[in-house]
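Keep in mind that the numbers below use all heavy atoms, side chains included, and drop hydrogens, waters and symmetry copies. In this text, all values refer to a predicted model and were calculated from it rather than measured experimentally.
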Amino acid sequence: MRRATPEERQGRRWIDYPRRGGTGPRRWLPSVRQLLALFLLFFGCTTAAVGYAYATVTIPDPNPRTLLQNNVYYWSDGTVMATDGSVNRQNVPVSQVPAGVRWDFIAAENASFYTDPGIDPQGILRAVFHMAEGGSVQSGSTITQQFVKNTYLDQSQTVSRKLKELLISTKIGAAMGKQQILQGYLNSCFFGRQANGIQAAARMYYGVPVQKLNASQGAFLAAAVNEPSLFQHADSDPTAKAKAKARWSWVLDRMVKIGKLTPGQRARYAAAGFPTPRKWTLGSGLPGQTGYLVQLARSYAQAHNRSITDGSLSRGGYQIHTTFDRKRTAGLARAVAKVRAQRLDPAHRSVDRNVQVGASSVDPRTGRILAVYGGSGFGHGHYSDNADTTGIPVGSTFKPIVLAAALQHRAVLKPGEPPAPITPASKFNGDDGIKIKDQQGNYVTDDKDPTGLLHQHNDTRRRWGYITLRKAMEQSVNTPYVQLGEDVGHPNVVSTAQALGLRPDSLAAPSAGFYIGTSTPSAIRMAGAYSTFAASGMRATPYSVTKVTHNGSALPGFTAPAPVRALPSAIADNVTDVLRGVIAKGTGTKAQALGRTAAGKTGTTDDYHSAWFVGYTRQLATSVVLFREDPAHPQLQSLVGVGGLQKVFGGDIPTDIWTRYMTDALTGLPDTPFPTPVSLGHGTNEPGAPTPSPSPTPDKKDGKTDRPGRDGRDPSDAKPGKKTTPTPAPTPAPTTLPKCRHHKCR
């Protein structure tokens with residue numbers, strides 16, 4: 001072999017370019033060997049760079065916003081009541097998405113999803129050529145890539161972002177299962193109509209949970225992912241509908257092509273027609289009563305599961321199913337609105353301004369809160385729930401609780417003697433201004449009275465003499481129940497109140513006025529307490545939430561409270577029998593307009609700072625409270641003059657609202673009688689009563705009115721010599737709520 005000469009070795013170059021020995025263009029054209037070397041060098045460098053990038057890139061944390069969801073609240077019938085949160089998204093497990101809907105998305109976006117490694121170069125090239133030829137819009141990204149873009153990256157259209165998407169998608173494809181990726185994709189897509197994720201889209205477009213979507217509806221949603229800003233108007237815009245219909249049809253054809261829909265099924269969907277989405281309007285927050293309902297449900301959920309906090313609720317993802325009845329809630333709001341419109345004139349009567357109403361309706365058998373009226377609504381700047389607030393004295397609506405305590409625990413009528421049995425026929429002194437004794441026989445003191453002793457008043461000087469507790473309840477006479485309460489004892493009355501469901505912190509301190517309503521339970525709790533009478537002594541604690549799920553998983557703590565025995569049935573049924581008389585011939589005669597078997601009690605407090613009516617049938621218990629409060633100065637004001645009335649009683653406006661609502665709420669239900677009360681045996685009269693022990697049987701009812709409260713007035717509130725019909729009164733100045741002196745609390 002000939003060796004190169006030193007001269008030849010000296011002239012040899014590492015890269016022979018430009019090429020030696022060539023002339024003209026040949027000198028500048030690289031050789032095949034040089035081109036191959038250049039390609040191998042480029043490929044090697046690119047591979048090394050990609051390998052290095054793949055080795056160093058990490059799967060980032062999800063974008064914080066993609067973790068946000070909203071919370072969905074449902075009516076008792078399963079329809080959506082309200083949502084809250086900054087992002088309309090509710091994540092669901094992929095198992096809850098029907099198989100046909102899952103394949104809609106796979107057919108439209110990434111048919112090779114279950115076999116590709118997370119990226120599909122052929123699919124990218126195919127989409128580019130297809131769109132260049134004028135075909136339908138196709139995504140060049142796999143489902144994995146779209147999941148990565150939605151969850152981990154941003155929406156910018158840059159080369160660096162696209163390269164990062166490809167690398168992370170490859171890693172995600174190796175690290176996550178296909179079902180997990182599909183789930184993340186379906187929960188992160190934006191569908192228009194402010195809907196993020198398949199669950200929100202199902203609600204916004206078709207008003208159903210994702211589980212109830214069919215393949216035809218799923219085909220539309222799979223189409224909407226590509227052009228959400230256009231397809232969200234497919235319900236009303238002809239252009240949007242035409243494009244959506246074409247894309248929908250294409251998705252179904254793709255389903256047939258990949259073998260996930262038979263031609264027969266395709267034909268049936270075509271015959272059924274395009275699944276036009278329901279009409280869409282932008283949301284308006286929490287209108288009407290929904291704000292108060294959401295407040296109640298949130299509070300209940302947090303109280304019954306410690307994992308539900310303000311922070312977790314702000315991140316969303318909760319589905320809260322409530323007890324609230326859509327029709328009854330609307331009916332209660334209508335009843336309040338009608339009575340306000342008929343009875344109040346705030347434009348011409350200043351005292352009619354700032355009049356507040358709170359109400360609650362409870363199922364006596366279960367304790368389910370069916371409806372509340374919390375106020376004029378969040379949209380009017382009223383955020384305090386009047387149905388769930390405390391601070392409003394309940395007046396004489398507390399007397400049935402005192403009666404129940406007396407029937408159960410008996411009463412110490414003489415110092416040193418054992419408690420004596422009490423029945424509704426037991427007689428007590430009903431005169432005005434009498435002195436009250438405690439169980440030791442000492443007179444109850446009152447430092448505001450010149451004599452130093454309490455002289456209990458009825459707000460009327462009528463001399464009732466010794467009257468039965470039944471009569472005193474019907475006519476709302478105070479003195480018998482104040483003395484009865486002292487004889488029964490504060491601890492016994494408190495224990496009965498708590499057994500009926502009243503919260504300890506709402507019960508007033510020991511005093512004579514405690515027995516005639518200085519306590520301040522909410523309207524919800526009062527409806528619950530009277531529900532126990534309606535259910536013959538079985539207390540079903542009022543509750544508002546039946547189920548809570550988070551990201552599709554049910555949370556513990558929401559089993560319905562089991563009814564418990566709070567009172568013997570004989571006692572509860574006797575109380576109901578007495579309260580039937582309040583409506584039949586007492587202060588609640590306006591409730592007779594209901595035309596059903598019902599029981600209830602009116603309540604009016606000292607200086608007319610609140611007026612109540614709490615009543616019930618066998619199927620439904622409802623409480624209504626009326627009061628005045630200036631939002632700028634949160635203190636109770638007198639109701640005197642409201643509605644043009646000199647005095648406002650529980651038997652008037654509150655009973656009117658109650659009757660209107662109950663008439664509507666009970667439509668279609670039978671008039672169910674209350675159980676016949678059994679005899680409680682021989683009762684005992686208060687010492688000094690001129691008659692012997694009363695008969696053990698209840699007072700005979702003849703259905704006739706015995707001095708009924710005209711216009712809903714408590715007769716005991718009628719001043720001697722004054723007209724008993726309502727008369728207009730001058731507008732009173734706002735006053736603070738004084739401490740009750742126990743003279744006129746009814």
Side-chain angles (χ1 to χ4, degrees), residues 288-289 292 324-325 327-346 351-362 369-377 380 382 385-389 392 394-397 522-527 530-531 579 582-583 586-596 598-605 608-617 620-629 639 642-645 647-667 709 711-714 726:
Q289 298 302 303
Y292 309 118
F324 306 129
D325 185 292
K327 292 182 179 179
R328 287 190 170 107
T329 298
L332 184 53
R334 280 196 307 271
V336 173
K338 286 182 180 179
V339 174
R340 290 182 71 98
Q342 292 177 358
R343 304 295 300 276
L344 305 182
D345 187 10
V351 73
D352 285 355
R353 299 167 192 164
N354 301 323
V355 174
Q356 303 286 340
V357 176
S360 176
S361 194
V362 173
I369 302 174
L370 302 178
V372 299
Y373 182 87
S376 56
H380 293 83
H382 189 279
D385 184 357
N386 294 343
D388 195 35
T389 189
I392 314 299
V394 296
S396 281
T397 59
S522 68
I524 292 174
R525 288 287 164 170
M526 288 302 290
Y530 276 54
S531 288
L579 296 185
V582 174
I583 293 176
T587 58
T589 54
K590 276 198 168 186
Q592 292 177 13
L594 178 63
R596 289 174 175 266
K601 183 68 185 77
T602 60
T604 309
T605 56
Y608 308 99
H609 281 96
S610 64
W612 290 74
F613 186 75
V614 188
Y616 55 94
T617 65
L620 197 60
T622 301
S623 63
V624 179
V625 58
L626 187 79
F627 61 97
R628 284 186 70 227
E629 186 177 63
L639 290 169
V642 167
L645 302 174
K647 298 177 181 179
V648 177
F649 300 95
D652 199 327
I653 295 176
T655 305
D656 199 358
I657 293 172
W658 182 91
T659 305
R660 286 177 180 270
Y661 162 70
M662 293 287 281
T663 299
D664 186 31
L666 294 169
T667 299
D711 301 312
R713 296 163 57 90
D714 285 4

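The distance from atom NZ of Lys601 to atom CG of Leu579, rounded to the nearest 0.5 Å, is 8.5 Å. From Gln289, atom CD reaches atom CG of Leu332 across 7.5 Å, with rounding to the nearest 0.5 Å. Atoms CZ and CD1, on Arg340 and Ile657 in that order, are 8.0 Å from each other to the nearest 0.5 Å. Taken to the nearest 0.5 Å, the OG1 atom of Thr659 stands 7.5 Å off from the CD1 atom of Ile583. With values rounded to the nearest 0.5 angstrom, Arg628 atom CZ is found 7.0 Å from Leu639 atom CG. In this structure, Thr329 OG1 and Arg334 CZ are separated by 10.5 Å, a value rounded to the nearest 0.5 Å.
Side-chain N/O atoms of Tyr530 and Ser623 include no donor and acceptor closer than 3.5 Å.
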Check: Run the side chain to side chain contact (heavy atoms under 4.5 Å, CB included) check on Leu344 and Val642 step by step: do they pass?
Finding: CA-CA 7 Å; Leu344 305 182; Val642 167; 3.6 Å; yes
Next item on the list: Let me see the working for Gln356 and Leu626 under side chain to side chain contact (heavy atoms under 4.5 Å, CB included), right down to the final yes or no.
Entry: CA-CA 6 Å; Gln356 303 286 340; Leu626 187 79; over 6 Å; no
Check: Does the pair Tyr373 and Tyr292 meet the rule for a side chain to side chain contact (heavy atoms under 4.5 Å, CB included), with working shown?
Finding: CA-CA 8 Å; Tyr373 182 87; Tyr292 309 118; over 6 Å; no
Checklist line | Criterion side chain to side chain contact (heavy atoms under 4.5 Å, CB included) on Arg328 and Tyr661, from CA distance to verdict | finding: CA-CA 8 Å; Arg328 287 190 170 107; Tyr661 162 70; 3.6 Å; yes
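The nearest pair of heavy atoms linking Gly651 to Lys590 is O-CD, 3.5 Å. Closest of all the heavy-atom pairs between Ser361 and Thr622 is OG-OG1, 2.9 Å. Taking every heavy atom of both residues into account, Ala387 and Ala359 meet most closely at CB-O, 3.2 Å. In terms of heavy atoms, Ala621 sits closest to Ala527 at CB-O, 3.7 Å. Across every non-hydrogen atom of His382 and Ser376, the tightest pair is CB-OG, 3.4 Å. Summarising the geometry of Asp345 relative to Asp352, their closest heavy-atom pair is N-OD2, 2.7 Å, with the distance given to 0.1 Å.
A donor-acceptor pair is defined here as one N or O able to donate and one able to accept, closer than 3.5 Å; such a pair exists between the side chain of Arg353 and the backbone of Pro346. Of the possible polar contacts, none joining the Thr605 side chain to the Tyr608 backbone as a donor-acceptor pair under 3.5 Å is found. Looking only at distances, a side-chain donor or acceptor of Arg596 sits under 3.5 Å from a matching main-chain atom of Leu666.
Partner of Thr602 under the side-chain hydrogen bond (donor to acceptor under 3.5 Å, both in side chains) criterion, chosen from Thr655, Thr589, Thr587: Thr587. The one candidate from Thr397, Ile392, Thr604 that meets the side-chain contact (heavy atoms from CB on, under 4.5 Å) condition with Ser610 is Ile392. Under the ring-ring contact (aromatic ring centres under 6.0 Å, His included) test applied with Trp658, the options Trp612, Phe613, Tyr616 reduce to a single match, Phe613.
No side-chain heavy atom of Val357 sits under 4.5 Å from any side-chain heavy atom of Val625. Looking at Leu645 and Arg343, their side chains come closer than 4.5 Å, going by heavy atoms from C-beta outward. Here the side chains of Ser360 and Ile369 are in contact, with some heavy-atom distance below 4.5 Å. Taking 4.5 Å as the limit, some side-chain heavy atom of Met662 sits within range of a side-chain heavy atom of Leu620.
Using a 4.0 Å cut-off between a side-chain N of Lys or Arg and a carboxylate O of Asp or Glu, Asp664 and Lys327 do not qualify as a salt bridge.
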